[in-house]
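In what follows, chains are A, B, ... by sequence order, proteins preceding strands, each numbered from 1.
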2 protein chains.
Amino acid sequence: MAVTLKDIARDLGVSTVTVSKVLRGQTDISDKTRERVLKRMRELNYQPNMLARALAGGRSQAVGLVVPDLIHPFFGEFARSLAGALRSEGLVLVLASSEEDPEIEEQEIKTLLARGVDVLLVASCRPATHPSPALAEASTPVLLVDRHFLDLPMDFVGTNDLMVGELAGRHLVGIGRRRIAHIGGRGISPTADRLQGFQRALAAAGVDLAEAYVVMRDGFEESGDATGYHAMQELLSLREPPDAVFCYNDLSAIGAMEAAMQAGLRIPQDIAFIGCGNLRYAEYLRVPLTSVDQSSHRLGELAAKRVLDLSAGAGAAPQTLRLEPRLIVRKSTVA
Amino acid sequence: MAVTLKDIARDLGVSTVTVSKVLRGQTDISDKTRERVLKRMRELNYQPNMLARALAGGRSQAVGLVVPDLIHPFFGEFARSLAGALRSEGLVLVLASSEEDPEIEEQEIKTLLARGVDVLLVASCRPATHPSPALAEASTPVLLVDRHFLDLPMDFVGTNDLMVGELAGRHLVGIGRRRIAHIGGRGISPTADRLQGFQRALAAAGVDLAEAYVVMRDGFEESGDATGYHAMQELLSLREPPDAVFCYNDLSAIGAMEAAMQAGLRIPQDIAFIGCGNLRYAEYLRVPLTSVDQSSHRLGELAAKRVLDLSAGAGAAPQTLRLEPRLIVRKSTVA
DNA sequence: TTGAAAGCGCTAACAA
DNA sequence: TTGTTAGCGCTTTCAA
């Protein structure tokens with residue numbers, strides 16, 4: 001059996017309360033007693049049982065995060081950054097993945113709540129119009145990440161997706177393209193926001209985003225390369241194929257570029273590509289990919305700050321925090 | 001406040017024990033009582049408090065996993081597969097990352113133990129010669145992943161790293177290379193095993209692995225591309241540069257290839273490269289990369305099986321499980 | 001500055 | 001088949 005508070009108290013002839021107070025750094029303990037307790041703790045290599053502490057104290061010092069896909073570099077980097085920031089505040093991050101499955105997501109949310117996390121962060125894979133029921137009812141503070149729900153005011157930290165679209169649109173117009181297409185998604189909020197920003201940028205430049213040039217698909221995370229590949233084939237079969245494509249993310253851009261190259265097109269001379277996410281490998285690709293960077297690292301730090309507030313009950317009104325994306329230009333748009 | 005067992009018991013005029021038994025599916029309860037309890041649970045949307053359950057029952061139904069780097073695709077895929085297999089057994093996976101820092105690793109291990117995981121899996125970033133103290137002392141069952149410690153018999157699940165090296169060596173010899181080099185690591189067990197297997201394969205073919213052709217470095221996960229890049233520059237500065245290189249992992253192979261291409265060499269005509277890990281993006285690289293695949297997915301399933309045994313106390317003697325790697329040939333070795 | 005009492009929500013062991 | 005008692009290891013509250 002592990003060493004408990006009681007063991008220490010008994011050894012020293014003090015009460016468990018005294019030991020507990022030392023453990024938590026309370027100040028109403030004499031230096032002499034404190035030293036004796038600390039010494040014994042060291043001797044026995046005492047490790048407090050966090051389950052018991054959480055149950056008795058009502059706070060677990062744990063924060064939960066549910067992401068749609070652990071492999072996805074964006075969430076991996078976000079989680080890393082968040083975990084680091086929380087660790088320095090004495091909080092642990094408990095990670096879970098929904099595998100892009102709303103049922104699993106619901107289950108993971110319930111699990112984390114049942115395990116008493118103080119704050120729950122969720123990047124939901126559900127459509128923006130159909131929030132998770134468990135989340136909506138939760139009494140634990142919730143912070144949405146990357147994707148928000150329509151008509152449901154909740155705390156949110158994410159990228160300014162309108163600007164993602166605008167940066168992409170402006171860049172493609174700026175390099176002289178006019179037959180501009182978009183391979184995008186549906187359901188989650190960033191897809192609509194990015195498209196809207198994209199359209200806005202094109203409109204401002206007097207460029208039309210033809211309906212046939214907008215291809216909507218699903219499955220951009222797990223098998224985004226295949227998704228992009230097939231969507232691109234569709235665009236290539238048009239009478240007048242596009243000379244530039246903004247893809248929802250980098251993975252789909254990779255697939256789309258493959259399709260274009262197979263069709264004998266030169267990138268960027270014949271057709272330019274821009275993605276989003278700024279994958280670690282973007283510069284090592286056959287054609288290095290221009291991408292919109294979401295600064296997932298800073299996003300993690302931002303989320304950590306908000307978590308601290310929420311965990312301290314300083315929630316107040318739901319707050320929306322958005323970070324500005326950055327354009328990273330590579331050879332897929334500029335030779 | 002959340003609904004508790006007690007609320008249900010009071011509402012129904014039964015004892016909490018009865019409700020608890022229904023909750024856990026015990027059979028010594030009348031169908032009538034069971035139905036009443038279940039009905040009320042549904043009505044109140046009761047969610048058991050897992051903290052309390054774990055504290056009282058001595059089992060948390062949670063399994064911990066500490067990896068050196070979440071971004072690393074190998075660990076991401078392993079975690080995904082493991083989590084899926086555990087979920088179907090009613091266990092949750094709690095993830096933590098050490099960021100390749102032994103101090104953080106030690107802290108995360110202690111945290112997970114303190115939170116009462118039933119089994120702890122660790123892919124340690126410590127040298128094979130210096131096991132984590134917290135791990136060595138743990139009373140919780142531990143399963144090492146991917147990296148093991150010398151002279152410390154513990155349960156282990158990983159790749160057959162000797163064979164990783166052998167596959168790489170045989171392939172390079174097989175395509176006619178003779179000036180063969182290795183960019184490898186030190187410290188963790190797979191580095192030594194892969195090198196040993198590599199040497200064995202070369203020796204079997206009568207090819208010598210010259211000392212100057214073995215470059216040892218650190219930092220293969222986080223910034224492996226830079227590591228590989230610089231190591232390759234060193235190899236290129238030799239009087240007689242190699243005509244083939246086996247890199248410890250894919251990321252370092254990417255960096256090494258960059259250095260070779262910058263030096264004006266053609267891949268694979270002038271110099272061939274082989275990595276390990278079979279990155280998702282390996283085929284989309286400037287030169288698609290030949291790699292040894294570790295089948296992280298099956299490794300996760302294998303680990304899950306062993307976790308179930310350990311968690312049931314069916315540990316018996318420490319067991320070592322190794323999965324056979326597979327060679328995936330691409331253009332970096334065969335045009 | 002210390003500690004007694006009560007309890008967090010649940011389960012184990014046994015008794016009725 | 002059901003319930004009683006006694007905790008799990010810790011914190012909270014309040015009295016001494």
Are side-chain N/O atoms of A/Ser132 and A/Glu106 paired as donor and acceptor at under 3.5 Å? yes

Do B/Leu144 and B/Val157 come close enough that some side-chain heavy atom pair is under 4.5 Å? no

Write down the distance between CZ (A/Arg10) and P (C/dG3), rounded to a whole number of angstrom. 15 Å

Would you indicate, yes or no, if C/dC8 has its OP1 or OP2 atom less than 4.0 angstrom from a side-chain nitrogen or oxygen of A/Arg59? no

When A/Val122, A/Thr140, A/Leu152 are each screened for side-chain contact (heavy atoms from CB on, under 4.5 Å) with A/Leu135, the one that passes is A/Val122

Want to settle it: does B/Gly13 or B/Ala52 sit nearer the 5' end of DNA chain D, counting the closest nucleotide to each? B/Gly13

Less than 4.5 Å apart, side chain to side chain, heavy atoms only: is that true for B/Thr159 and B/Leu299? yes

Check every atom of D/dT2, D/dT13, C/dT2 against the side chain of A/Val17 and return the nucleotide holding the closest atom. D/dT13

Strictly below 4.0 Å: does A/Tyr46 bring a side-chain N or O up to OP1 or OP2 of D/dC10? yes

Residue pair B/Arg53/B/Lys21 against DNA chain C: nearer the 5' end by closest nucleotide is B/Arg53

Less than 4.0 angstrom between a side-chain N/O of B/Ser20 and OP1 or OP2 of C/dC10, yes or no? no

Rounded to whole Å, CG of A/Leu51 lies from C1' of D/dC8 at a distance of 10 Å

So does B/Ser30 get a side-chain nitrogen or oxygen closer than 4.0 Å to the phosphate oxygens (OP1/OP2) of D/dT2? yes

Applying side-chain hydrogen bond (donor to acceptor under 3.5 Å, both in side chains) to B/Arg24 and B/Ser20, what does each step give before you reach the verdict? CA-CA 6 Å; B/Arg24 285 171 294 140; B/Ser20 171; 2.9 Å; yes

Checking all strands, does A/Arg24 fall into the base, sugar-phosphate, or nothing category for heavy-atom contacts under 4.0 angstrom? base

Validation row: B/Leu95, A/Leu70 side chains within 4.5 angstrom (heavy atoms): yes

Tell me the interatomic distance from B/Gln26, atom CD, to C/dT11, atom P, rounded to whole angstroms. 9 Å

Separation of atom CZ in B/Arg115 from atom P in D/dC10, rounded to whole Å: 13 Å

With a 4.0 Å cut-off on heavy atoms, is B/Lys6 in touch with a base, just the backbone sugar-phosphate, or nothing at all? sugar-phosphate

I need the CD-P distance between A/Gln61 and D/dG9, as an integer number of Å. 20 Å

Could you tell me the separation between the CG atom of A/Leu5 and the P atom of C/dG7, rounded to a whole number of Å? 20 Å

Taking NZ from B/Lys32 and P from D/dT1, how many angstroms apart are they, rounded to a whole number? 13 Å

Touch class at under 4.0 angstrom, heavy-atom based, for B/Asp28 against every strand present: base

Does a side-chain N or O of A/Thr16 approach OP1 or OP2 of D/dG9 to a distance below 4.0 Å, or not? no

In whole angstrom, what separates A/Asn49's CG from C/dC8's C1'? 13 Å

Along DNA chain D (nearest heavy atom to each residue), the more 5'-positioned of B/Leu55 and B/Thr18: B/Thr18

Taking the nucleotide of DNA chain C with the closest heavy atom to each, which residue, A/Ser15 or A/Ala56, is nearer the 5' end? A/Ser15

